[in-house]
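These notes concern the structure reproduced below.
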2 protein chains.
Amino acid sequence: MSDKNLTLDQYRDLAEFRRQIRRFLHFSESVAKEHDIEPQQHQLLLAVHGLPEGVKPTIREIASRLFIQHHSAVELVNRLESTGAIKRQHGADDKREVWIRLTPAGRTLLRKLALAHRNEMENSGPQLARALQLVVRQRRTAA
Amino acid sequence: MSDKNLTLDQYRDLAEFRRQIRRFLHFSESVAKEHDIEPQQHQLLLAVHGLPEGVKPTIREIASRLFIQHHSAVELVNRLESTGAIKRQHGADDKREVWIRLTPAGRTLLRKLALAHRNEMENSGPQLARALQLVVRQRRTAA
DNA sequence: CCATTTATGTCGTGATACGATATAAATGTG
DNA sequence: CACATTTATATCGTATCACGACATAAATGG
């Protein structure tokens, strides 16, 4: 099914794919810091605000969506709360839960960042798509 | 040219795109740690081995390709050298330069990781492509 | 009613990336 | 050819982040 070796071109395609991801992430980190927010905190804001319909914005849910442990999410929430971008709201139903709510300041901040990202996708989008295509294509035509 | 507002769906598409990137990176980090190497060190190995034809594997070149400062690359190289995955080779031409060379152990390690990534792309590839498409499409049909 | 599970929080640690700073080799300019 | 400048690498202290280990409180299930 899958060959046990890789050609040099396959390494290069993988490297180029990672490079494009890093290019995008580097842009994202720069924009975040220009707006005085740490990159990971920005991503938590986006994850909360971009939650699908009907999903509760709890610590655990967000941690799961960010692929981090719950206590890592707790720390991000602590920092975001201290800067005033979010506030904690204790669960009305289940009192163990903590619901994360963006403050007006948090929403304003996220909107600026999201607009910058939307614009950047005009550059990153095609480059990422191309690099991704090369990796996936090589995968299919291997063997 | 670009609207100053975003719909909730646009936030959700951006969030989903970031989620897919994080899913892939989380997989990548897991595989790296299973092979007893730190994620960033793995990426440096790949960047070196996947260098285009004729590009010198110097610290500065690699730092540029990873979008990090040169001294951050120095630290990664220090750790990789201490684990025996790479070795430093002083530039024959320009004695200031340090050329990074994978050791046989480093190449074996990278090959295992690259194979695992190539397989994973079968899952991540389509999911990433779909999420990316939604973000870029929304960008085009906005306004 | 109490053992267990679930949700969140605290603490200490290690990897990473950075700015500031340092050193050595190469280069340019008079 | 001296010497100021640039280039390539390295060191040091600091902050963010993610983790494992552990703790606490609320919900749940025999």
Side-chain angles (χ1 to χ4, degrees), chain A residues 22-23 25-30 32-45 47-48 55-83 85-101, chain B residues 22-23 25-30 32-45 47-48 55-83 85-101:
Chain A
R22 290 189 76 115
R23 175 205 294 289
L25 294 179
H26 183 249
F27 156 82
S28 180
E29 287 166 18
S30 302
K33 293 196 173 175
E34 280 167 20
H35 286 81
D36 294 315
I37 183 175
E38 291 297 326
Q40 304 308 315
Q41 297 177 28
H42 159 228
Q43 289 181 64
L44 191 146
L45 283 190
V48 169
V55 176
K56 298 181 295 185
T58 63
I59 299 267
R60 184 160 289 276
E61 179 64 38
I62 296 302
S64 155
R65 289 180 169 270
L66 294 177
F67 300 95
I68 56 180
Q69 302 300 309
H70 78 275
H71 50 261
S72 301
V74 167
E75 292 170 26
L76 291 174
V77 166
N78 286 344
R79 294 176 187 183
L80 281 165
E81 195 173 34
S82 78
T83 66
I86 63 162
K87 59 179 196 289
R88 278 176 160 93
Q89 179 184 312
H90 284 282
D93 178 33
D94 187 331
K95 286 185 178 176
R96 293 170 305 179
E97 291 181 347
V98 167
W99 291 33
I100 303 164
R101 298 295 191 189
Chain B
R22 291 188 75 116
R23 177 205 294 287
L25 293 179
H26 183 249
F27 157 80
S28 180
E29 288 165 18
S30 301
K33 293 196 174 176
E34 279 167 19
H35 287 80
D36 295 315
I37 182 175
E38 291 297 326
Q40 305 306 318
Q41 298 178 28
H42 159 228
Q43 289 182 63
L44 192 146
L45 283 189
V48 170
V55 177
K56 298 181 296 185
T58 64
I59 299 266
R60 183 160 289 276
E61 179 65 37
I62 295 303
S64 155
R65 288 178 169 271
L66 294 178
F67 299 95
I68 56 179
Q69 303 300 310
H70 77 276
H71 50 260
S72 300
V74 167
E75 293 169 26
L76 290 173
V77 166
N78 286 344
R79 294 176 186 185
L80 281 164
E81 196 174 32
S82 78
T83 65
I86 63 162
K87 59 177 194 291
R88 279 175 160 93
Q89 179 183 315
H90 286 281
D93 178 33
D94 186 331
K95 285 185 179 177
R96 293 170 304 180
E97 291 181 346
V98 167
W99 291 32
I100 304 163
R101 299 297 191 187

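Just so you know, these numbers come straight off a predicted model, no measurement behind them. Sequence lines set the chain letters: A, B, ... in the order given, protein chains first and strands last, and positions in each chain run from 1.
A side-chain donor-acceptor contact under 3.5 Å links B:Glu81 to the backbone of B:Arg88. Between the A:Arg101 side chain and the A:Lys87 main chain, no donor and acceptor come within less than 3.5 Å of each other. At least one donor-acceptor pair under 3.5 Å links the side chain of B:Ser30 to the backbone N or O of B:His26.
Computed from coordinates, the A:Arg88 CZ to C:dA7 P distance equals 16 Å when rounded to whole Å. Rounded to a whole Å, the CG atom of B:Leu25 is 16 Å from the P atom of D:dC17. One atom, NE2 of A:His90, and another, P of C:dT8, lie 10 Å apart when rounded to the nearest Å. For B:Asp93 and D:dT7, the CG to P distance is 16 Å, given to the nearest whole Å. If you measure from atom NZ of A:Lys33 to atom P of C:dG19, you get 8 Å, rounded to the nearest angstrom. Put simply, CG on A:Leu80 is 13 Å from C1' on D:dC17, counting in whole angstrom units. Distance CH2 (B:Trp99) to C1' (D:dA10): 20 Å, rounded to an integer number of Å. Look at NE2 on A:His71: it is 11 Å from C1' on C:dC11, rounded to the nearest Å.
Taking the side chain as every heavy atom from C-beta outward, B:His90 and B:Glu97 never approach each other to under 4.5 Å.
Of all nucleotides listed (C:dA17, D:dT9, C:dT10), C:dT10 comes nearest to the side chain of A:Val74. Of the candidate nucleotides D:dT9, D:dA26, D:dG20, D:dA26 has the atom nearest to the side chain of A:Asp94.
B:Gln41 and B:Arg79 are not linked by any side-chain donor-acceptor pair at a separation below 3.5 angstrom, with hydrogens and angles left out of the test.
Contact annotation: B:Arg22 reaches the phosphate of D:dA18 (side-chain N/O to OP1 or OP2, under 4.0 Å). At D:dC17, one or more side-chain N or O atoms of A:Arg79 fall inside 4.0 Å of OP1 or OP2 (strictly under the cut-off). Within the 4.0 Å cut-off from OP1 or OP2 of C:dT23, not a single side-chain nitrogen or oxygen of B:Arg96 is found. For A:Ser72, a side-chain nitrogen or oxygen approaches OP1 or OP2 of D:dC19 to under 4.0 Å.
The base of C:dC18 lies close enough to the side chain of B:Glu75 for a donor and an acceptor atom to sit less than 3.5 Å apart.
For the side chain to side chain contact (heavy atoms under 4.5 Å, CB included) criterion with A:Leu44, the lone passing option out of A:Leu80, A:Ile37, A:Ile68 is A:Leu80. When the options B:Asn78, B:Leu76, B:Val77 are evaluated for a side chain to side chain contact (heavy atoms under 4.5 Å, CB included) with B:Val74, the one that passes is B:Asn78.
Annotation: of the two residues near DNA chain D, A:Leu76 and B:Asn78, the 5′-most nearest-nucleotide partner is B:Asn78. When each of A:His26 and A:Val77 is assigned the nucleotide of DNA chain C bearing its nearest heavy atom, the one mapping closer to the 5' terminus is A:Val77.
The stretch residues 59-70 of chain B touches DNA chain C through B:Ile68, B:Gln69, each having a heavy atom under 4.0 angstrom from the strand. Sorted by residue number, the list of members of residues 38-45 of chain A with any non-hydrogen atom under 4.0 Å from DNA chain C is empty.
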Quiz item: Given the rule in the side chain to side chain contact (heavy atoms under 4.5 Å, CB included) test, do B:Ile86 and B:Val48 qualify, once you have shown the distances and angles that lead to the verdict?
Solution: CA-CA 10 Å; B:Ile86 63 162; B:Val48 170; over 6 Å; no
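The side-chain hydrogen bond (donor to acceptor under 3.5 Å, both in side chains) check on A:Thr58 picks up nothing, with sequence neighbours excluded.
Using a cutoff of 4.0 Å between basic side-chain nitrogens and carboxylate oxygens, A:Arg65 and A:Glu61 are scored as salt-bridged.
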